[in-house]
*Asks:* 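If you scroll down you'll find the structure; I have some questions about it.
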Amino acid sequence: MLDLKWIRENPEAFDAAMQRRGLPPQSEDLLKVDAYRRSVQTEMQELQARRNAAAKEIGKVKASGGDADALIREVADLKDEAQRNTELERELQETLDAKLSVLPNILADDVPEGESEEQNVELRRIGDIPTFDFKPKEHYELGEALGLMDFETAAKLSGSRFVVTSGQIARLERALAAFMVDVHTLEKGYLEVSPPVMVRGSSLFGTGQLPKFEEDLYKTGEDQYMIPTAEVPLTNLVRESILGEDELPKRLTAHTLCFRSEAGSAGKDTAGMLRQHQFAKVEMVSITTPEKSAEEHERMTACAEDILKRLGLAYRVVVLCSGDTGFGARKTYDIEVWLPGQNTYREISSCSNCGDFQARRMKARYRPEGEKGTSFVHTLNGSGLAVGRTLIAVMENYQQADGSIKIPEALVPYMGGMTEIRAK
RNA sequence: GGAGGGUUGGCAGAGCGGUUGAAUGCACUGGUCUUGAAAACCAGCAAGGGUGCAAGCCCUUCCGGGGUUCGAAUCCCCGACCCUCCGCCA
């Protein structure tokens, strides 16, 4: 949510910011409603003040045994007027909220201009792309040949975009998640959290998935949804709270399942387990001060990168351009891992600095040391990493000519000492 | 699912329908004292919003929404959540 006061004071900057998002200028429309709302509010407050004063007066008169009838009649009139005013004010407030809640975050100054992912800017490539003296297969070919990955049965059970893994592939996925969480908690200072994977609408509003992106979510009840990412419960952990500056930064990580309806991506990545309705992800969330959030963004991205480095996977980091940056983010780094089977880089992590955008929506504040009052915290989130996609990457990058898969060294302890997966 | 109890400021915890935005304690901030610190003592300390150059003034908020009343944290109704007991159950 954007700061209306800021829009009021910087209408041109606001319109320019929206233009970067491909949206028409709308400060005029917004501020018109805002000005009207405030005039109604001021009027209402004056009525209220008069009513309060009269009510107190009545109390005094009555206490001293006087006759307060005239005053009582006057207040009754004020009340009707105030009622109508309140109604109008509420309508205007709702209009304003509806408009504000679908406006995307203001992009950071250093986000490159561009319309689509084509204009994302590559920042660095790390690791050596592996070479094969045979044609590398895609993960699902490998998995099916091993008899440990079954899409047809999954479709029978659940429909398209599901998979059943088994045996050492299932174990490998579990090992990956455990490895990631261990690195983040034992080495990077994140607190492991096991949050609910079903949340209320208000939580989704807080992180920005609602009201705009409801069709991407699975709804399980009147006001209950499956989470599309653990960013939602983790970030909402601080909703409606006022933290001490000494509690920041808060670094949280969780290994959870995520659920996405993938509405609108029909026909995209239909083969294999690249794009599923249900997938595992290790998520990182940081709650920081405004001064520290940019630095924290780099740190978080480095934490995600470190997982790839330790798995010996080649990757590149891109900064998303203005047209590709998500609704709630000021700036986003995508990490793309090399997939030999596809002969290309594919997204495996996305690290975003949301600034105070989510904090404003969920009223998450802190007390800056040495200052009076409170400020909104900054929130960041990043995958560290998408577990299913990491499984894909390991399978494809560590495949051997006979269809077996070597286990990356870092994972061997998590695989009970096993060094490769091969068909029996 | 059935019965009852609860939800008050950063936390704990009072609160008769009428100057209660809310006692008290803790925490926090400033000061006195001290070589320094601790302790003790004194003082300050809710959030959001409107208006104003400013000082300030005003409004809202005691889980949320309705209602009663001249006036509600206090009374009534609905909802959410929490707790206890019973039933069912992974």
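Please read these numbers as outputs of a predicted model, since none were measured by experiment. Protein chains get the first letters and strands the later ones, always in sequence-line order, with residue 1 at the start of each.
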*Asks:* What is the base-pairing partner of B:G9, counting Watson-Crick and G-U wobble geometry with both distances under 3.5 Å?
*Replies:* none
*Asks:* Assess whether a salt bridge exists between A:Glu113 and A:Arg20, defined as any Lys/Arg side-chain N lying under 4.0 Å from an Asp/Glu carboxylate O.
*Replies:*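 Yes, this pair counts.
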*Asks:* Mind listing the N/O atom pairs, protein and nucleotides 54-59 of chain B, below 3.5 Å?
*Replies:*
| from | atom 1 | to | atom 2 | distance (Å) |
| --- | --- | --- | --- | --- |
| B:C59 | OP1 | A:Asn52 | ND2 | 3.2 |

*Asks:* If a protein heavy atom is under 4.0 Å from the base, mark B; if only from the sugar-phosphate, S; if neither, -; do that for nucleotides 71-80 of chain B going 5' to 3'.
*Replies:* S--------S
*Asks:* So which nucleotide does B:U51 pair with, by the Watson-Crick or G-U wobble rule with both distances under 3.5 Å?
*Replies:* B:G56
*Asks:* Does the side chain to side chain contact (heavy atoms under 4.5 Å, CB included) test come out yes or no for A:Val319 and A:Thr332, once each step is laid out?
*Replies:* CA-CA 6 Å; A:Val319 56; A:Thr332 298; over 6 Å; no
*Asks:* Tell me the interatomic distance from A:Asn236, atom CG, to B:C81, atom P, rounded to whole angstroms.
*Replies:* 16 Å
*Asks:* Check whether the side chains of A:Glu262 and A:Ser265 place a donor and an acceptor atom closer than 3.5 Å, and report yes or no.
*Replies:* yes
*Asks:* What's the gap between B:G15 and B:C58 when it is taken at their C1' atoms, as a whole Å value?
*Replies:* 26 Å
*Asks:* NA contact type, A:Ile242, heavy-atom cut-off 4.0 Å: base, sugar-phosphate, or nothing?
*Replies:*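 The residue A:Ile242 makes sugar-phosphate contact but no base contact.
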*Asks:* Rounded to the Å, how far apart are A:Glu57 CD and B:U69 C1'?
*Replies:* 18 Å
*Asks:* B:G48 phosphate, OP1 or OP2: any side-chain N/O from A:Thr374 under 4.0 angstrom?
*Replies:*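 A:Thr374 to B:G48 OP1/OP2: side-chain N or O found under 4.0 Å.
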*Asks:* Kindly compute the distance separating SG (A:Cys351) from OH (A:Tyr333), expressed to the nearest 0.5 Å.
*Replies:*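 It is 9.5 Å, given to the nearest 0.5 Å.
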*Asks:* Between B:U74 and B:C33, how far apart are the two C1' atoms, rounded to whole Å?
*Replies:* 44 Å
*Asks:* Between A:Ser293 and A:His378, is there a donor-acceptor pair closer than 3.5 Å when you use the side chain of the first and the backbone of the second?
*Replies:*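 No, because the side chain of A:Ser293 does not come within donor-acceptor range (under 3.5 Å) of the backbone of A:His378.
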*Asks:* Parallel, tilted or perpendicular for A:Phe327 and A:Phe213, by the 30°/60° rule?
*Replies:* perpendicular
*Asks:* Between A:Arg90 (CZ) and B:U60 (C1'), how many Å, whole number?
*Replies:* 13 Å
*Asks:* Tell me the interatomic distance from A:Asn85, atom CG, to B:U60, atom C1', rounded to whole angstroms.
*Replies:* 15 Å
*Asks:* Find the distance A:Arg361:CZ to B:G48:P and express it as a whole number of Å.
*Replies:*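 Result: 19 Å.
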*Asks:* Under 4.0 Å between a side-chain N/O of A:Arg8 and OP1 or OP2 of B:G50, yes or no?
*Replies:*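 A:Arg8 to B:G50 OP1/OP2: side-chain N or O found under 4.0 Å.
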*Asks:* Does B:G79 have a Watson-Crick or wobble mate here (both distances under 3.5 Å), and if so which one?
*Replies:*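 With both distances under 3.5 Å, B:G79 matches B:C63.
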*Asks:* Once you round to the nearest 0.5 Å, how far does SG of A:Cys354 lie from CZ of A:Arg361?
*Replies:* 10.5 Å
*Asks:* Report yes or no: is the cationic atom of A:Arg330 (NZ for Lys, CZ for Arg) under 6.0 Å from the centre of the six-membered ring of A:Phe357, at an angle within 45° of the ring normal?
*Replies:* no
*Asks:* If the P atom of B:C45 is compared with that of B:A72, how far apart are they to the nearest Å?
*Replies:*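 So the two P atoms sit 26 Å from each other.
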*Asks:* With a 3.5 angstrom cut-off on both distances, give the Watson-Crick or G-U wobble partner of B:A40, or none if there isn't one.
*Replies:*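 Checking every strand shown, B:A40 finds its partner in B:U32, with both distances under 3.5 Å.
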*Asks:* Just by distance, with hydrogens left out, do A:Glu231 and A:Thr235 show a side-chain donor and acceptor under 3.5 Å apart?
*Replies:* no
*Asks:* Would you indicate whether the side-chain heavy atoms of A:Val318 and A:Leu123 approach each other to under 4.5 Å?
*Replies:*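 They are not in side-chain contact.
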*Asks:* With both distances kept under 3.5 Å, what pairs with B:G71, Watson-Crick or G-U wobble?
*Replies:*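 Here B:G71 is not engaged in any pair, so there is no nucleotide opposite it.
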*Asks:* Report yes if the side chains of A:Arg260 and A:Thr229 come closer than 4.5 Å at any heavy-atom pair, otherwise no.
*Replies:* yes
*Asks:* Roughly how far apart, to the nearest Å, are B:U7 and B:A12 at atom P?
*Replies:* 12 Å
*Asks:* When rounded to the nearest Å, what value does the distance between C1' atoms of B:G18 and B:U68 take?
*Replies:*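 Between the two C1' atoms, the distance is 16 Å.
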*Asks:* Give the rounded distance in Å between these two atoms: CD of A:Glu240 and C1' of B:G48.
*Replies:*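 My rounded result for the distance is 13 Å.
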*Asks:* Please state how far atom NZ in A:Lys5 lies from atom C1' in B:U51, giving the value in whole angstrom units.
*Replies:* 12 Å
*Asks:* Which part of the nucleic acid does A:Ser241 contact within heavy-atom distance under 4.0 Å: base, sugar-phosphate only, or nothing?
*Replies:*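 Answer is nothing: A:Ser241 stays at 4.0 Å or more from every strand.
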*Asks:* Can you tell me the distance, in whole Å, between the CZ atom of A:Arg367 and the C1' atom of B:G9?
*Replies:*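 In whole Å, B:G9 C1' and A:Arg367 CZ are 10 Å from each other.
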*Asks:* Please state the C1' separation for the pair B:G49 and B:U32 - nearest whole angstrom.
*Replies:* 39 Å
*Asks:* In the strands shown, is B:U84 matched to any nucleotide by a Watson-Crick or G-U wobble pair with both distances under 3.5 Å, and which?
*Replies:* B:A3
